[in-house]
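This report concerns only the one structure given below.
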Amino acid sequence: MDVNRSAPYNGTMELKELQRKIDILSSLNITRMFQKDFLLTRDKSEDEIRAVLTVAEVLRRMRSENISPRIFDSGLAVAIFRDKSTRTRFSFLSAANLLGLTAQDLDETKTQITHGETVRETANMISFLTEVIGIRDDMYLGYGHSYMKEVSGAVREGHREGVLPQIPAIVNLQCDLDHPTQSLSDILHLIHHFGSLEALKEKTIAMTWAYSPSYGKPLSVPQGVIALMSRFGMKVRLAYPEGYSLIPEIEELAVKNSRAAGGTFHRSHSMAEAFAGADIVYPKSWAPYEVMRRRTELLKAGDSQGLEELETECLELNKKHLDWECSEELMERTEDALYLHCLPADISGVSCERGEVANSVFERFRLQTYRQAGYKPYVIAAMMFLSKVQNPAAVLSQLLRSKAARKNPFPASG
Amino acid sequence: MDVNRSAPYNGTMELKELQRKIDILSSLNITRMFQKDFLLTRDKSEDEIRAVLTVAEVLRRMRSENISPRIFDSGLAVAIFRDKSTRTRFSFLSAANLLGLTAQDLDETKTQITHGETVRETANMISFLTEVIGIRDDMYLGYGHSYMKEVSGAVREGHREGVLPQIPAIVNLQCDLDHPTQSLSDILHLIHHFGSLEALKEKTIAMTWAYSPSYGKPLSVPQGVIALMSRFGMKVRLAYPEGYSLIPEIEELAVKNSRAAGGTFHRSHSMAEAFAGADIVYPKSWAPYEVMRRRTELLKAGDSQGLEELETECLELNKKHLDWECSEELMERTEDALYLHCLPADISGVSCERGEVANSVFERFRLQTYRQAGYKPYVIAAMMFLSKVQNPAAVLSQLLRSKAARKNPFPASG
Amino acid sequence: MDVNRSAPYNGTMELKELQRKIDILSSLNITRMFQKDFLLTRDKSEDEIRAVLTVAEVLRRMRSENISPRIFDSGLAVAIFRDKSTRTRFSFLSAANLLGLTAQDLDETKTQITHGETVRETANMISFLTEVIGIRDDMYLGYGHSYMKEVSGAVREGHREGVLPQIPAIVNLQCDLDHPTQSLSDILHLIHHFGSLEALKEKTIAMTWAYSPSYGKPLSVPQGVIALMSRFGMKVRLAYPEGYSLIPEIEELAVKNSRAAGGTFHRSHSMAEAFAGADIVYPKSWAPYEVMRRRTELLKAGDSQGLEELETECLELNKKHLDWECSEELMERTEDALYLHCLPADISGVSCERGEVANSVFERFRLQTYRQAGYKPYVIAAMMFLSKVQNPAAVLSQLLRSKAARKNPFPASG
């Protein structure tokens with residue numbers, strides 16, 4: 001099996017083809033993206049989703065051609081991580097850096113963001129020269145997305161009232177509902193693998209739960225994947241053990257999306273059923289919606305004993321499903337499927353005794369998963385670009401014509 | 001009451017008016033600012049103070065016109081924070097970023113700055129490419145300002161002796177004596193509110209203590225305010241409960257300044273008296289000078305029990321003055337006064353049960369206080385600019401003529 | 001004694017002489033440096049060593065002439081510090097900043113780098129826009145250099161397999177075997193002091209152990225110094241108390257290097273013997289190789305009691321050699337020697353009761369040691385430059401001709 005079908009970076013892409021890609025943007029209705037946040041893919045039209053994918057690809061290829069897409073001479077991109085992160089952090093700061101912004105962490109342990117009053121105050125205090133605020137807040141159901149909207153409301157009020165000369169765009173780096181920078185990177189990876197967005201139509205993707213010896217993994221990745229993939233006519237299969245559902249409204253959203261897009265959405269409690277004949281598999285652990293809901297309430301009540309009991313209960317529950325592992329046997333049931341993972345994966349016999357994926361399967365797709373992750377900086381940069389630039393096609397064309405070098409950018413004369 | 005009188009950012013300022021502002025600089029005697037630190041406003045002449053205010057305003061408006069004031073292609077701006085900070089930290093790094101410098105924290109927990117030997121060594125070790133060092137050290141009376149002078153002396157020796165190719169300028173981001181970036185932001189806010197620096201003459205400002213359920217707040221804000229405002233012919237009123245004095249020498253300085261500038265300085269122990277007919281009120285908690293002095297000595301002696309006792313004693317003392325709250329009743333005694341605060345404020349019923357200010361008063365002025373804070377990045381940038389550029393008027397004029405874009409700064413040809 | 005012989009920065013160097021220095025590069029065989037790491041000086045040819053020294057000097061002097069050597073418009077330089085550091089950290093980020101890269105710490109406490117699997121994964125995940133990775137890992141014998149090679153292997157695989165569009169160059173910021181950025185800074189300092197690399201031939205350098213009341217200081221500085229200085233025909237003397245040997249293979253390497261270069265290598269157990277008639281002395285504490293070896297094994301076994309016992313034993317052992325102090329008496333035995341130290345030094349009566357060097361000796365050479373440290377940012381920048389630029393002489397010439405200003409770099413027209 002050739003898992004290396006997707007084209008590596010090679011720098012041979014013609015500038016003409018790059019211009020053709022930019023021209024696609026002109027045919028999309030994206031006037032509503034300027035000065036807007038990117039919080040949930042479901043809030044974005046298909047044209048807007050296509051615009052993110054297109055700009056991400058253009059920025060990635062401009063880089064291969066050593067053309068700098070730097071559109072800022074100064075400005076900050078503030079990162080607020082309410083959960084530990086290396087990968088997303090580096091993706092965010094790489095994206096900021098590419099466009100000329102300086103990324104800066106807001107370390108909340110050094111602030112007093114505790115109630116409504118200071119969220120809106122701090123949001124303004126850090127934003128006088130801030131163009132983008134990236135937020136990761138995925139730990140508690142009902143909080144992450146709300147927090148992002150609160151920050152967004154605060155800086156928009158600040159702009160309206162003459163506090164801020166610009167509107168910082170909020171970019172969702174993972175919340176309780178969605179993980180748009182992940183799902184859009186995933187789809188770019190699929191486009192590269194299968195040739196085009198159109199080629200994904202009728203492809204079967206199995207988004208399944210998988211066993212992990214850890215507790216409390218967020219729901220945002222599977223939720224983001226089913227909410228997005230269902231919009232492009234794919235055959236989406238969602239599988240998890242009984243009791244491990246996602247947020248019901250988001251499962252419903254995927255059903256509706258599929259109908260509207262002429263695809264299908266199938267839910268089951270069998271990994272084998274989901275894998276059968278699949279073109280793409282995405283086995284990934286998460287905590288059951290009900291557990292996450294109870295956890296949030298225990299946290300609100302400050303019930304630390306209840307929290308410990310819930311953790312023990314949940315880990316015991318997980319152990320009943322040790323067989324939900326992406327094994328060689330299961331992979332053989334697929335249509336030579338592409339394996340996806342948002343990383344890091346729990347690999348059986350490597351990072352844990354029993355995990356989400358058999359070592360031999362992961363190892364075969366390891367470099368593919370690295371490439372999958374490699375689209376994220378460009379997806380984030382595209383979200384920033386589309387919010388901060390009023391006429392993205394014109395600006396990209398000008399950048400292309402100017403051929404400003406990213407490396408060795410000294411004046412060419414002399 | 002219209003608390004929104006000050007003009008919001010609107011980008012309509014004519015470049016000609018901006019040039020007129022720059023021309024003002026040429027009439028000021030500021031030759032002594034080049035390669036100098038900014039430690040205390042009292043060390044600066046009136047012309048030098050006016051230069052900071054002018055350059056801050058020019059940089060702010062250039063930004064509204066999307067003109068980049070970037071004067072550095074590389075270089076570091078090191079931040080040393082010996083006290084937690086979000087607001088000042090972001091102001092400092094925003095200012096650095098605007099001018100093209102990369103801000104970098106010096107985390108002292110990772111160093112061994114303990115005695116004279118290593119202060120001077122570390123100061124040089126971090127300064128090989130450093131243009132500015134911002135320091136916040138406001139915790140102990142008799143230390144912050146001394147530390148800044150020690151760092152300044154060390155890098156000046158380093159420059160003189162061929163260790164450093166440039167002199168890093170020290171910018172005081174708050175010390176035990178003064179908080180110049182705050183008081184200069186405050187005065188810029190007043191200039192915007194009342195129309196000009198001249199319009200502040202004869203205006204009455206009430207700098208008063210206010211109740212807070214916390215302990216050990218520094219004296220630098222009220223000290224900075226009375227030391228600066230007294231220089232421009234204002235009627236300065238300082239009010240605090242008996243025993244809550246500031247450093248006596250600084251109160252004396254304000255008396256002298258007022259006399260020289262044809263203003264008045266009035267000290268009392270009544271908030272109501274201070275507020276009566278005031279045009280500006282600045283109610284803000286601080287720890288009594290005597291408490292801070294004892295605290296410093298207990299710290300030197302390593303007397304942790306004594307420190308605990310002092311904290312208890314001081315919090316009990318504060319509780320005798322719960323009525324020192326900026327209430328609606330007190331605001332009604334003023335001449336439709338503008339409320340100032342350096343933020344975050346202790347708001348009654350919001351961030352604490354009883355605090356510095358009534359919720360309704362704060363809420364009415366909330367966005368005004370955000371705007372007040374918004375001048376700080378430009379004040380800091382102006383301090384940097386005036387220290388690093390030998391001919392500020394000529395360089396600002398050149399920046400204005402070049403119209404280098406801050407956003408979308410790619411070559412315009414193509 | 002004039003310890004200030006080396007020329008301070010003065011900015012009067014002619015551009016012609018700078019061009020002459022650049023031309024030297026064209027005569028060196030450095031084609032193998034492009035896209036390579038800099039891990040150990042022993043892996044580099046004499047031409048390659050000379051290239052680093054030359055480029056470092058060119059970059060330093062371009063800066064004095066206010067010419068920007070910025071070759072990147074964007075890109076990251078990731079710093080991985082597995083040991084606390086201020087000096088090397090600032091040197092690394094200064095070097096990155098000078099060339100246009102944004103330095104970013106990888107904080108491993110926020111990641112899960114624990115076994116081979118995730119080292120290679122994390123190395124790729126942080127590298128999508130990363131041009132350089134600087135690593136300091138000097139704590140355990142047998143680990144630091146191996147870790148650097150592992151990271152290097154991972155990103156090279158990533159590049160080969162289409163994950164990364166560029167190869168991040170690994171720069172060794174100190175490992176268990178070598179400290180090349182230190183030893184190359186040291187030699188640049190000697191070149192400035194004695195006039196040229198050729199002038200070092202036949203000079204006598206005493207690299208000696210010195211007493212310190214601390215435990216576990218790495219071997220990399222003395223190892224780096226003897227491995228490098230022995231290649232240029234110097235008379236290298238290594239002295240330490242019995243039992244305090246360096247890694248035997250590196251002592252052997254120095255012997256071989258000396259023979260090949262026509263110099264000498266002399267090992268003894270007497271500080272006085274090493275100092276007699278020396279032109280350069282480098283007294284510096286380290287932990288014995290045998291202790292470091294046992295320490296690594298105890299750490300692997302998780303034997304915390306054994307580790308405590310080893311520390312006590314080692315500190316007791318050190319105390320038998322209190323007389324290994326760089327005293328005035330010893331300095332008088334030298335040929336008016338230049339004192340070197342990598343800083344911070346343990347200074348008797350200042351940072352400890354008894355230490356590596358007498359206060360009066362250190363104070364006399366204090367500013368010299370600062371200057372010695374001042375070459376490091378340029379050495380690191382040179383390592384980066386030579387790995388990232390295919391034709392260094394051409395690019396440096398172009399930078400010189402373009403005269404892009406580092407400070408005040410706005411367009412000169414207007």
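Just so we're on the same page: letters track the sequence lines, and every chain starts at 1.
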Positions in residues 387-395 of chain A that reach chain B, provided some heavy atom is under 4.5 Å away
A:K388, A:V389, A:V395
Most heavy-atom pairs under 4.5 Å with chain B, out of A:E157, A:E131, A:R70, belong to A:E157
Are a donor atom and an acceptor atom from the side chains of A:D37 and A:S152 found within less than 3.5 Å of each other?
yes
Cationic tip of A:R82 above A:Y147 ring, under 6.0 Å, 45° of axis
yes
Classify the side-chain pair B:Y378/B:R63 by whether it contains a donor and acceptor separated by less than 3.5 Å.
yes
Please find out if less than 6.0 Å separates the ring center of B:H192 from that of B:Y375.
yes
Should the heavy atoms of other residues, nucleotides or ligands under 6.0 Å from NZ of A:K403 be counted, would the total exceed 12?
no
For B:A405, which atoms come within 4.5 Å of any heavy atom of chain A: side chain, backbone, both, or neither?
backbone
Under 3.5 Å, is there a donor-acceptor pair linking the side chains of B:S348 and B:R354?
no
How far apart are the closest heavy atoms of A:L76 and B:S94, and which atoms are they?
CD1-OG, 3.4 Å
